[in-house]
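Just so it is clear: chains get the letters A, B, ... in the order the sequence lines come, proteins before strands, and each one is counted from 1.
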Amino acid sequence: MELSIHQKKRIKHAVIFAALLLFVIVWLLPVFGAFLTSIRTMDDIMNNGFWSLPEEITFSNFATAWSDGNLNTYLKNSFIITIPSLIGTLSLSSLVGFALAKYKFKGNMFIYLMFVAGMLIPFQILLIPVFRLSNYLGIYNNYWGLIMIHTVFQMGFCSFFLRNYMITIPEELSEAARIDGASEFKIFYKIYLPLSLPALAALGTLQFTWIFNDYIWALVLLRDDKFKPVTAGLATLKGNFITSWSVLVAGAILATIPTIVVFIFLQKYFIRGLTMGSGK
Amino acid sequence: MKRKYIPWAFLAVPLSLYSIWVIGPTIYTIYLSLTDWDGITAPEFQGIDNYLKLFNDPIFYTSLVNNVKWLVIFMAIPVAVGLFLAILLSKEIKWARGYKAAIYSPMILAPVVIGLIWSWIYQPQGGLLNNTLTYIGLEGLTRGWLSNPNTALYAIIGAAVWRHTGYVMLLFLSGLTAISPTVIEASKIDGASAWQRFRYILLPLLKPTTVIVIVITMIQSLRAFDFVSMMTRGGPFNTTNVLAHYMYTEAFKNYNMGYGASIAVVLFAIMFIFIVIYLRQIRKGELE
Amino acid sequence: MNFKNFSLITITLVMVMALSFSAAAQDTLVVNTYTSDPAPRKAMQELVAQYEEMNPDVEVELNITAHEDFKQAIRVWLTSDNPPDVFSWFAGNRAGYFVDRGLVMDISDVWEEENFYEKFPKAFQSISVYDDKAYFLPHNYYWWSVFYRESIFEEYGLEEPETWDEFLEVGETLKANGITPFAIGTKFRWTAAAFFDYFNMRINGAEFHKELMAGNIPFTDERVADVFEKWKYLIENDYFVENAAAYSWQEGLRFLSNGDAAMYLMGQFILDATSEEVAQDLNFFRFPIIDEDVPVAEDLPTDGFMIPAKAPHPELAKDFIAFLGSVEGQRLFAEDLGRLVTNKDMDAEVYDDLTNKGRKMIDETDELAQFYDRDMDPELADKTMDSLMAFWYAPEDYRNIMEQMEAHRQNFIND
């Protein structure tokens, strides 16, 4: 039986589709496991194991995580910390990216590598020096301590990213603007920034996730529970001896909702995204 | 404003903040690596003693080797699979959006949860992996994945690959959408095979994205910490330890901040060398 | 917008930020604890509420941090300019560590005023008083023993063993009936260290054990070999569940809960982790006596509170400490948590049967230790616990392991 090209194509598509579906189902098993854990009781898990069908389905873990994990306060804190940090780091990094991408000057490569180096530093080792710095500046145990470190620390990666993006924006655009009498800053603000929007959206999504999910800086730079972001708050659900996994996982799932929302919202810029070649 | 000062005007604020919050503490860390410090009393200057101790430390070498293994596996699997998935899903396939989200989802889950779930997958009794192997008749392959020194590291890397692949896929997807479809169409008409299209047209056009992917993958593998901390804490008896985790334990649990700092400096130096060499190559390409 | 305006706005923003730094010292009492386990957390919250009721003009801010994280955070807090007023901590080497570095406030005046020297059993003084000054307030403690499923023991006609030989008989019977004697999860190592503690205390006595923990005796001592020999016997004769290192202690509990195993060497908090039905089915016996001539010792980890040297409100803090040492300040932990508390005046009816059995066991104990990683210097404990895990993996190799541990000790004493 000779198959027409059209039929062959359809079979090919069907096979790919099936393989992909199977792959994704297996891929999602751990995520499924997380959901499974969050809707059962600890006793159930202790008696029957983690991969068994639940005896009883309950949503009380989410409620418990919300109240015991103080999630409304902590979520609010997470936003208070993440949004300014995000704005701060994106603004400052675009300044850096622009300067490094557009201007040839002595020290360009050196500064570029300095920001690259910043990406590489195992941040754990900065914990104590930055703690002392924050203590000294009076921003210990304070939102600003966290906002400053997140803003500045993320500048390494963001500057690297944006510099590499902006370098693909053609010179002709700025030349034309300069001829028209625009100042350098206007070129940055009115040409490069808008053209970089997809990259900024992509970065924004990634950075939101990283900053929102941070927890070690919160641990080191905060003393009081009332400032804690949601990740540190969740960690408090871990006992020394006993952890209620179902509550912990339920809380963690609740805490991912903002990240998911941001992802979905920015996805259309993001996936369409990163037009590395904006000279299309 | 004079032309040559302009870039500095842009850099002034970011650079100063960066110097205070990142460069300054880094230099302080380098200084700390030359001292013996418990984090509370005054640091005691010790010269390069910490480094000498480091080069005689078997745990250091085990951790280093583990990082290298991590790097090799990360370069091979998530990068290749991520690229493959990105190419596949950039086409018009039913539910492509759903698949993309599904594959990226591990990135959104908190590390503590990922560590927990994967530990349960790997459990010798009642764990998903062993249960499945037994179910399909491969009971002989079951073992304590995380408790056996021979398999533990690979088990952890497996979980990390699961997470990293989505990230790579996403980056490549973005890069792919930038490629003008007309170029691809033209090459198809010219009679190029799928492989030729891939190798001679797609890959070169993807170069900027590939740079970022490789840099990020290097960083993630050399800086690996979360999974080791969640799943084995470096055990069984240090066989899964990696440099970032070892540094953390020494500095924060054993109160050897000076020694921890020296591990950090070495880790930093390794990463820096790798990446600078790579980026210099790229920059040469850019200038040509 | 041009560059000038942009920078003006930026500078203004920065200045506004600078001015909005808070850090005003309020008149509240800040208490930081590590009581993150579900039951103690609740108890601590209620305790604080109770104190606030008794002292309406005082506001207490309670901050609870996960146990592991607390151990790092506390070092940051104690060296900051703004430490908490009161913090929870463990007795033993870890408390001494901060005392030695002058980071803790002397609370001898509180001890004297409240007469804690009389109200707490003498044993607790040795862990609270350094150089004749009291720094630590011991609050509650729990005992360690071998917990077992009564129903399983009944089914096979087993009785609580008292000697090692009786214990081995119990073990053999269980094995013959397809039941693993010990459930255990050694992923985080301390459950294995418990066995080292107990074998050492039973075979060599508490004195030797304490000296060893302090790093004063070489690990290559023959008496340490005896410990490994006994332990090796259990490992090689299938007394433990397979692949113990793959499970956290809590995950290992599953084997006890579903009846695959019959016993667990564990602290009394095991009752908080099991389901109601299993908890009802649990009883315990003292870790069997190996050598009748050796004075009996037990691990008795004690939790308490201290005041940082730089506490912002020392008077309030001391008052809170006084409350914590009183019967009222300990009742919640005794009643609701079933923990043992340090104030002797606590009425005995507060404790349930099992806890009273535990109290009796402690009363009949000659000496007390805190626990491997609370008695030993943290770094030495970390390195030697890795060695214990290596031993578990290859028990026949214990002579090498002892050398390893001794090498660590050498590093420790030479630092």
Side-chain angles (χ1 to χ4, degrees), chain A residues 41-50 64 68 70 84 88 91-92 95 127-128 131-132 134-145 147-148 182-186 188-190 215-216 219-228 232 234-245 247, chain C residues 1-7 10 13 17-18 20-23 30 32 34-42 61-73 75-77 79-84 142 248-251 253-254 256-258 266-267 269-270 272-278 303:
Chain A
T41 63
M42 268 308 279
D43 284 352
D44 186 2
I45 297 180
M46 291 309 279
N47 292 335
N48 300 324
F50 310 105
T64 314
D68 277 7
N70 241 321
S91 336
L92 293 173
L95 289 173
L127 291 174
I128 296 293
F131 155 67
R132 290 186 131 196
S134 308
N135 197 25
Y136 177 74
L137 290 176
I139 54 177
Y140 170 68
N141 197 30
N142 192 300
Y143 292 124
W144 287 111
I147 293 177
M148 288 314 296
S183 73
E184 294 305 301
F185 188 74
K186 209 163 183 188
F188 165 72
Y189 195 70
K190 286 229 141 55
Y215 123 87
I216 295 214
L219 183 70
V220 167
L221 295 179
L222 293 176
R223 184 198 71 188
D224 292 345
D225 276 358
K226 62 182 187 234
F227 296 122
K228 278 191 185 154
L234 274 183
T236 324
L237 291 175
K238 264 195 294 181
N240 181 33
F241 296 120
I242 297 164
T243 302
S244 181
W245 296 311
V247 174
Chain C
M1 199 199 289
N2 60 32
F3 189 60
K4 202 164 68 130
N5 289 346
F6 182 80
S7 21
T10 314
L13 277 175
M17 272 162 53
S20 69
F21 291 167
S22 61
V30 177
N32 286 22
Y34 50 51
T35 51
S36 55
D37 290 71
R41 162 203 295 267
K42 207 159 138 301
E61 200 184 284
L62 177 64
N63 298 311
I64 302 182
T65 309
H67 216 269
E68 268 313 303
D69 299 334
F70 186 95
K71 291 194 225 166
Q72 270 99 67
R75 302 166 65 82
V76 169
W77 295 333
T79 51
S80 80
D81 289 330
N82 224 347
Y142 53 90
S248 67
W249 93 266
Q250 214 181 328
E251 287 161 0
L253 193 51
R254 197 158 64 83
L256 188 71
S257 295
N258 64 17
M266 186 45 66
F269 50 82
I270 190 178
D272 294 337
T274 50
S275 64
E276 260 309 300
E277 335 150 30
V278 174
D303 290 335

Please look at [X] and chain C and tell me whether the side chain, the backbone, both or neither of the residue comes under 4.5 angstrom of a heavy atom of that chain.
| X | answer |
| --- | --- |
| Ile45(A) | backbone |
| Phe241(A) | both |
| Thr243(A) | both |
| Leu222(A) | backbone |

For chain A, which candidate among [options] shows the most heavy-atom pairs at distances under 4.5 Å?
| options | value |
| --- | --- |
| Glu276(C), Glu68(C), Arg41(C) | Arg41(C) |
| Pro84(C), Pro38(C), Gly267(C) | Pro84(C) |
| Thr274(C), Asn258(C), Thr35(C), Val30(C) | Val30(C) |

Atom NZ of Lys71(C): over 12 foreign heavy atoms under 6.0 Å: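 It does: Lys71(C) NZ has more than 12 such atoms within range.
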
Using non-hydrogen atoms and a 4.5 Å limit, figure out which bit of [X] sits close to chain A: side chain, backbone, both or neither.
| X | value |
| --- | --- |
| Val76(C) | both |
| Arg75(C) | neither |
| Ile270(C) | neither |
| Trp77(C) | both |
| Thr79(C) | both |
| Pro83(C) | backbone |
| Glu251(C) | both |
| Asp81(C) | both |
| Asp69(C) | both |

[X] versus [Y], closest heavy-atom pair with distance:
| X | Y | result |
| --- | --- | --- |
| Ser80(C) | Asn135(A) | CA-ND2, 3.5 Å |
| Glu61(C) | Lys226(A) | OE1-NZ, 3.1 Å |
| Arg223(A) | Asn63(C) | O-ND2, 3.5 Å |

Close side-chain approach of Met46(A) to Leu256(C), heavy-atom, < 4.5 Å: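 Answer no - side chains too far apart.
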
Side-chain donor/acceptor of Asp225(A) to backbone N/O of Ile64(C), under 3.5 Å: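 Indeed, once roles are kept as given, a pair shorter than 3.5 Å links the two residues.
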
Thr65(C)/Lys228(A) under side-chain contact (heavy atoms from CB on, under 4.5 Å): CA gap, chis, key distance, verdict: CA-CA 10 Å; Thr65(C) 309; Lys228(A) 278 191 185 154; 3.5 Å; yes

Test log, rule side-chain contact (heavy atoms from CB on, under 4.5 Å), inputs Leu219(A) and Phe70(C): CA-CA 9 Å; Leu219(A) 183 70; Phe70(C) 186 95; over 6 Å; no

Gln250(C) vs Ile242(A), side-chain contact (heavy atoms from CB on, under 4.5 Å): CA-CA, chis, key distance, verdict: CA-CA 7 Å; Gln250(C) 214 181 328; Ile242(A) 297 164; 3.9 Å; yes

Gap separating the CG atom of Asn82(C) from the CG atom of Asp224(A), nearest 0.5 angstrom: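 That separation rounds to 8.0 Å.
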
For chain C, the option from Phe50(A), Trp245(A), Tyr215(A), Tyr143(A) that forms the most heavy-atom pairs under 4.5 Å: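 Option with the greatest count: Trp245(A).
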
